[in-house]
Amino acid sequence: MITESGRVVAMAGDQIWVQTISVSACQSCSARSGCGQRALAAVSSGRANQVLVDNTLGARVGDEVEVGLDEQSLLRASVALYGLPLVLMLFGSLLGHSVSESSDLAAILGALAGLGLGFGVVRRWQSGAGDRYQPHLVRVNTIASSTYQ
């Protein structure tokens, strides 16, 4: 399970907004070369990220929480999101090229059709996946202070 620490910044019904805490200790960490957190921090350029999760553990605004996502779910979603459109794009390009007697324009149109089909399949698959690919609360550390803004 991939986990991230954060702070509850707002409540929205039965869900909470969790702002992740940017950690500047990545440079001195011994696991930095194989850590996904460092890669995510590099992509986000140090900006604060917020995620909406179900409040299954009764967290309140100001609480420090740990949010988790199953590694297999992340891997499946990544392969589906990037791999399937790419494979269908290549297949469409080859099909267009072979059907049209080696026309580059047909190969390009086939590639675009395959890419569009891939994105459509992923979108349909995502809408039927439910909350299996959503992060969830793992732990709550209640903060006794009421001065958090």
Side-chain angles (χ1 to χ4, degrees), residues 1-96 105 107-149:
M1 174 159 310
I2 299 171
T3 60
E4 176 71 26
S5 298
R7 182 177 304 270
V8 178
V9 293
M11 297 184 78
D14 292 339
Q15 297 178 316
I16 54 174
W17 283 100
V18 178
Q19 183 174 354
T20 58
I21 300 170
S22 300
V23 179
S24 62
C26 288
Q27 297 301 327
S28 62
C29 178
S30 62
R32 70 180 174 175
S33 62
C35 178
Q37 175 62 31
R38 182 171 183 249
L40 289 174
V43 169
S44 67
S45 303
R47 293 185 310 246
N49 296 313
Q50 292 186 1
V51 64
L52 184 65
V53 297
D54 291 333
N55 191 5
T56 56
L57 301 177
R60 296 175 301 182
V61 173
D63 289 348
E64 290 186 16
V65 296
E66 194 169 307
V67 179
L69 181 65
D70 182 47
E71 291 172 357
Q72 291 298 320
S73 295
L74 181 62
L75 181 61
R76 279 189 216 107
S78 298
V79 167
L81 182 64
Y82 297 110
L84 185 63
L86 180 62
V87 168
L88 290 178
M89 181 184 78
L90 291 173
F91 180 73
S93 176
L94 292 173
L95 184 66
L105 180 62
I108 291 170
L109 293 175
L112 291 174
L115 186 65
L117 177 66
F119 286 138
V121 169
V122 168
R123 184 179 182 110
R124 186 171 176 90
W125 170 74
Q126 178 190 15
S127 67
D131 63 349
R132 184 170 56 182
Y133 298 102
Q134 297 296 323
H136 60 276
L137 283 180
V138 176
R139 185 170 40 116
V140 176
N141 297 327
T142 303
I143 305 297
S145 173
S146 63
T147 60
Y148 180 80
Q149 296 183 17

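Reckoned from all heavy atoms, side chains included, excluding hydrogens, waters and symmetry mates.
Counting only distance, with no hydrogens or angles, the side chain of Arg7 and the backbone of Glu64 share no donor-acceptor pair below 3.5 Å. Distance alone, capped at 3.5 Å, is enough to place a donor-acceptor pair between the Ser78 side chain and the Leu74 backbone.
For the side chain to side chain donor-acceptor pair (under 3.5 Å) test, residues two or more places apart in sequence or in another chain that qualify with Gln15 are Asp54. For the salt bridge (Lys or Arg N to Asp or Glu O under 4.0 Å) test, residues two or more places apart in sequence or in another chain that qualify with Glu66 are Arg139. The side-chain contact (heavy atoms from CB on, under 4.5 Å) test applied to Val121 returns Leu84, Leu117, not counting sequence neighbours.
The two residues Ala80 and Trp125 make their nearest non-hydrogen contact at CB-CZ3, 3.5 Å. Shown here for Leu137 and Asn55, the closest heavy-atom pair between the two residues is CD1-OD1, 3.8 Å. Summarising the geometry of Ala59 relative to Ile16, their closest heavy-atom pair is CB-CD1, 3.9 Å, with the distance given to 0.1 Å. In this structure, Pro135 and Val51 approach most closely via the heavy-atom pair CG-CG2, 3.7 Å. Val8 and Arg60 make their closest contact through CB-O, 3.4 Å (heavy atoms, listed as atom of the first residue, atom of the second, distance).
Side-chain contact between Met11 and Val61 is present, with at least one heavy-atom pair separated by less than 4.5 Å.
Atom CE of residue Met89 and atom CG of residue Leu94 lie 10.0 Å apart, to the nearest 0.5 angstrom. In this structure, the separation between CZ on Phe91 and CG on Leu86 is 14.0 Å, given to the nearest 0.5 Å.
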### Task
Evaluate side-chain contact (heavy atoms from CB on, under 4.5 Å) for Val140 paired with Val65, printing each intermediate quantity in order.
CA-CA 4 Å; Val140 176; Val65 296; 3.9 Å; yes
#### Entry: Residue pair Thr56, His136: steps toward the side-chain contact (heavy atoms from CB on, under 4.5 Å) verdict
CA-CA 8 Å; Thr56 56; His136 60 276; 5.7 Å; no
